[in-house]
Amino acid sequence: MRVLLQAVAEARVSVQGQQIAQIGRGVLAFVGISPTDGSAQIQKAARKIAQLKMVQPQAIQPESESERVNLEDSGLPVLLVSQFTLYADVRKGKKPGFSHAAPGEVARPLFDVLADELRTTWHVPVFTGQFGAHMEVSLLNDGPFTLWVEV
């Protein structure tokens, strides 16, 4: 599983011109799932998303120190967006290959389990894009602060 995490001041997802999800300060997480991913990868990814210190504490308490905080402790949300292109293979030619990405029928249930794991185990407010749809994702980076996580 590959996850690209971005601390954001705000982020939103629209499908066919309709906004379907929006967060203020928090984390935008693009999630790529491989055919070999399963329960162990879901649990590791959820823990990383919830516990990595990414968000400026001033978002919660303006008088806070400058050390970053995590979603688990801050109560700030995550916006999960499925993105199979994180598994693009661009080593040869001009056309990316996606054979390392899980097909939708495999990836969708795992994506849903990841969202549920974040909600139930880590108590993180979770919003999602629409799996398999052509999405317009807007974000305002905070920092910018971007991390690549591979589990």
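Bear in mind that the values here come from a model prediction, so they are computed numbers and not experimental data.
Counting heavy atoms from C-beta outward, Ile49 and Leu5 have side chains that approach closer than 4.5 Å. Leu139 is listed as a side-chain neighbour of Gln6, based on a closest heavy-atom distance under 4.5 Å.
Between the side chain of Asp37 and the main chain of Ser34, a donor-acceptor pair closer than 3.5 Å is present. No donor-acceptor pair closer than 3.5 Å links the side chain of Arg68 to the backbone N or O of Lys53. A donor-acceptor pair is defined here as one N or O able to donate and one able to accept, closer than 3.5 Å; no such pair exists between the side chain of Asn141 and the backbone of Gly143. Side-chain atoms of Asp112 never come within 3.5 Å of backbone atoms of Leu114 as a donor-acceptor pair (strictly under, hydrogens ignored).
Linking Ile, Leu, Val, Met, Phe, Trp and Tyr residues whenever their side-chain heavy atoms come within less than 4.5 Å leaves Val3 and Met135 in two separate clusters. A continuous path of Ile, Leu, Val, Met, Phe, Trp and Tyr side chains, each step under 4.5 Å between heavy atoms, connects Leu147 with Val126, placing both in one hydrophobic cluster. Two different hydrophobic clusters hold Leu4 and Val55 under the rule that ILVMFWY side chains link at heavy-atom gaps under 4.5 Å.
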Please output the side-chain donor-acceptor pairs of residues 76-88 that fall under 3.5 Å, not counting sequence neighbours, one pair per line with the distance.
unit_1 : atom_1 : unit_2 : atom_2 : d
Gln83  : NE2    : Thr85  : OG1    : 2.9
Tyr87  : OH     : Met1   : N      : 3.0

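Residue Lys48 places its NZ atom among 12 or fewer non-hydrogen atoms of other residues, nucleotides or ligands, all under 6.0 Å distant.
Of the charged side-chain nitrogens involved, at least one lies within less than 4.0 Å of a carboxylate oxygen, so that Glu10 and Arg12 count as a salt-bridged pair.
Of the residues listed (Ile23, Leu140, Val27), the one engaging Val8 in a side chain to side chain contact (heavy atoms under 4.5 Å, CB included) is Ile23, and it is the only one.
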